[in-house]
**Q** 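Please see the structure below; I have some questions.
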Amino acid sequence: MIKYSLICSEGHRFESWFASADAFETLRGSGMVTCAICSSGVVEKAMMAPTVKSSDARAEAPPEKPLSKPTSAQEQALDALRKKVETESDYVGRDFAREARAIHEGEAPQRSIHGEANAQEARGLIEDGVPVMPLPFTPKRKTN
């Protein structure tokens, strides 16, 4: 496992663990590495100091830096919207198009959902009159 210090195109800094350097590149290339604050998919490795283990038991680890927090009014509003969507709707992941259509056609219970759809799926939903809209952020994927 390797821990990288990362920075997004908006300047937010955060850390994440990866199985290997190749795993990081593969995940980043497939759009699976996003900013923890704004969900930007433009993420790069940031400069970081190496961790050196000392044989001296008294050596203390440097204090961890907290994740970047939303600073501007726009970032704070976007963060509030993300929290509202995540708490008041069900995340259905890549089944979004199928689930939205089922709700629209009365085949699934009426509820608010959010998830992921490609451009073709989204276009099909809109053309069929299914009320959907894009989110101004990438939903956080639920993991085990």
Side-chain angles (χ1 to χ4, degrees), residues 1-54 59-144:
M1 293 292 284
I2 185 168
K3 179 170 79 170
Y4 284 130
S5 178
L6 305 171
I7 187 167
C8 78
S9 60
E10 298 298 317
H12 301 121
R13 293 182 175 274
F14 57 101
E15 294 177 343
S16 190
W17 288 90
F18 298 91
S20 66
D22 288 339
F24 166 76
E25 294 300 336
T26 300
L27 290 170
R28 185 175 66 153
S30 66
M32 300 294 288
V33 179
T34 59
C35 174
I37 302 300
C38 68
S39 294
S40 169
V42 181
V43 176
E44 300 292 330
K45 292 181 204 171
M47 292 295 292
M48 57 189 277
T51 302
V52 179
K53 295 194 178 200
S54 169
E60 293 183 27
E64 292 284 327
K65 291 183 182 178
L67 291 176
S68 299
K69 294 195 179 196
T71 55
S72 70
Q74 294 85 359
E75 286 179 349
Q76 291 171 356
L78 189 59
D79 188 53
L81 176 61
R82 175 201 307 276
K83 287 176 182 171
K84 183 175 179 69
V85 167
E86 289 174 351
T87 58
E88 296 181 11
S89 66
D90 294 332
Y91 177 75
V92 295
R94 295 182 185 232
D95 290 335
F96 178 80
R98 183 188 56 75
E99 192 65 21
R101 189 175 304 282
I103 291 169
H104 180 71
E105 294 173 355
E107 297 170 2
Q110 185 70 31
R111 69 192 195 284
S112 296
I113 61 171
H114 69 281
E116 301 167 45
N118 64 37
Q120 182 179 359
E121 292 169 330
R123 188 177 303 112
L125 291 170
I126 292 167
E127 289 171 354
D128 293 343
V130 179
V132 296
M133 65 177 281
L135 296 173
F137 52 83
T138 303
K140 290 184 181 175
R141 293 175 175 91
K142 305 277 189 213
T143 57
N144 292 341

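Hydrogens, waters and symmetry mates play no part in the numbers below; they use all other heavy atoms, side chains included. Predicted model, so just to flag it, every value in this text is computed and none were measured.
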**Q** Are Leu6 and Ser16 side-chain neighbours, meaning at least one heavy-atom pair lies under 4.5 Å?
**A**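 Yes. Closest side-chain heavy atoms under 4.5 Å.
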**Q** To the nearest 0.5 angstrom, please state how far the OG atom of Ser5 sits from the NZ atom of Lys3.
**A**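 Reported value, rounded in 0.5 Å steps: 8.5 Å.
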**Q** Which distance, rounded to the nearest 0.5 Å, do you find between the CD1 of Ile7 and the CZ of Arg13?
**A**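 Between atom CD1 of Ile7 and atom CZ of Arg13 there are 4.0 Å.
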**Q** Mind checking ring pair (Phe, Tyr, Trp, His ring centres under 6.0 Å) for Phe96 and listing every partner two or more places apart, or none if nothing turns up?
**A**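 Phe96: no ring pair (Phe, Tyr, Trp, His ring centres under 6.0 Å) contacts found.
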**Q** Taking Asn118 for its side chain and Gln120 for its backbone only, find out whether a donor-acceptor pair lies under 3.5 Å.
**A**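 The answer is yes, because a donor-acceptor pair under 3.5 Å joins these two groups.
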**Q** Say whether Tyr91 and Glu116, considering side chains only, have a donor N or O and an acceptor N or O under 3.5 Å apart.
**A**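 There is such a pair (donor and acceptor under 3.5 Å, judged by atom type) between the side chains of Tyr91 and Glu116.
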**Q** Identify which one of Ser40, Cys38, Ser39 satisfies the side chain to side chain contact (heavy atoms under 4.5 Å, CB included) criterion when paired with His12.
**A**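 With His12 as partner, side chain to side chain contact (heavy atoms under 4.5 Å, CB included) holds for just one option, Cys38.
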**Q** Any salt bridge linking Glu121 with Arg98? Criterion: basic side-chain nitrogen under 4.0 Å from a carboxylate oxygen.
**A**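 No, this pair does not count.
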**Q** What residues form a side-chain hydrogen bond (donor to acceptor under 3.5 Å, both in side chains) with Glu105, not counting sequence neighbours?
**A**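 Once residues adjacent in sequence are excluded, Glu105 has no partner under the side-chain hydrogen bond (donor to acceptor under 3.5 Å, both in side chains) criterion.
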**Q** Atom CD in Glu86, atom CG in Leu81: separation rounded to 0.5 Å?
**A**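 Here the interatomic distance stands at 9.5 Å.
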**Q** Set out, in order, the CA-CA distance, both residues' side-chain angles and the distance that settles side-chain contact (heavy atoms from CB on, under 4.5 Å) for His104 and Val132, then state yes or no.
**A** CA-CA 10 Å; His104 180 71; Val132 296; over 6 Å; no
**Q** To the nearest 0.5 Å, what is the distance between CD1 (Ile126) and CE (Met133)?
**A**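 It comes to 10.5 Å.
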**Q** Could you give me the CA-CA distance, side-chain angles and deciding distance for Val43 and Tyr4, then say whether side-chain contact (heavy atoms from CB on, under 4.5 Å) is met?
**A** CA-CA 11 Å; Val43 176; Tyr4 284 130; over 6 Å; no
**Q** Could you walk me through whether Glu88 and His114 pass side-chain contact (heavy atoms from CB on, under 4.5 Å), step by step?
**A** CA-CA 10 Å; Glu88 296 181 11; His114 69 281; over 6 Å; no
**Q** Restricting to non-hydrogen atoms, name the atom on Thr34 and the atom on Gly31 that form the minimum distance, rounded to 0.1 Å.
**A**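 So the minimum-distance heavy-atom pair works out to CG2-O, 3.9 Å.
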**Q** For the pair Arg82 (side chain) and Ile37 (backbone), establish whether a donor and an acceptor sit closer than 3.5 Å, ignoring hydrogens and angles.
**A**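 Answer holds: yes.
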**Q** Near Glu107 CD, under 6.0 Å, is it more than 12 heavy atoms from other residues, nucleotides or ligands?
**A**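 Yes, CD of Glu107 has more than 12 neighbouring heavy atoms, counting only those of other groups under 6.0 Å.
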**Q** What distance separates Gln76 CD from Gln74 CD, expressed to the nearest 0.5 Å?
**A**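 Gln76 atom CD to Gln74 atom CD measures 9.0 Å (nearest 0.5 Å).
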**Q** Checking side-chain contact (heavy atoms from CB on, under 4.5 Å) for the pair Ile2/Phe24: CA distance, chi angles, key distance, verdict?
**A** CA-CA 9 Å; Ile2 185 168; Phe24 166 76; over 6 Å; no
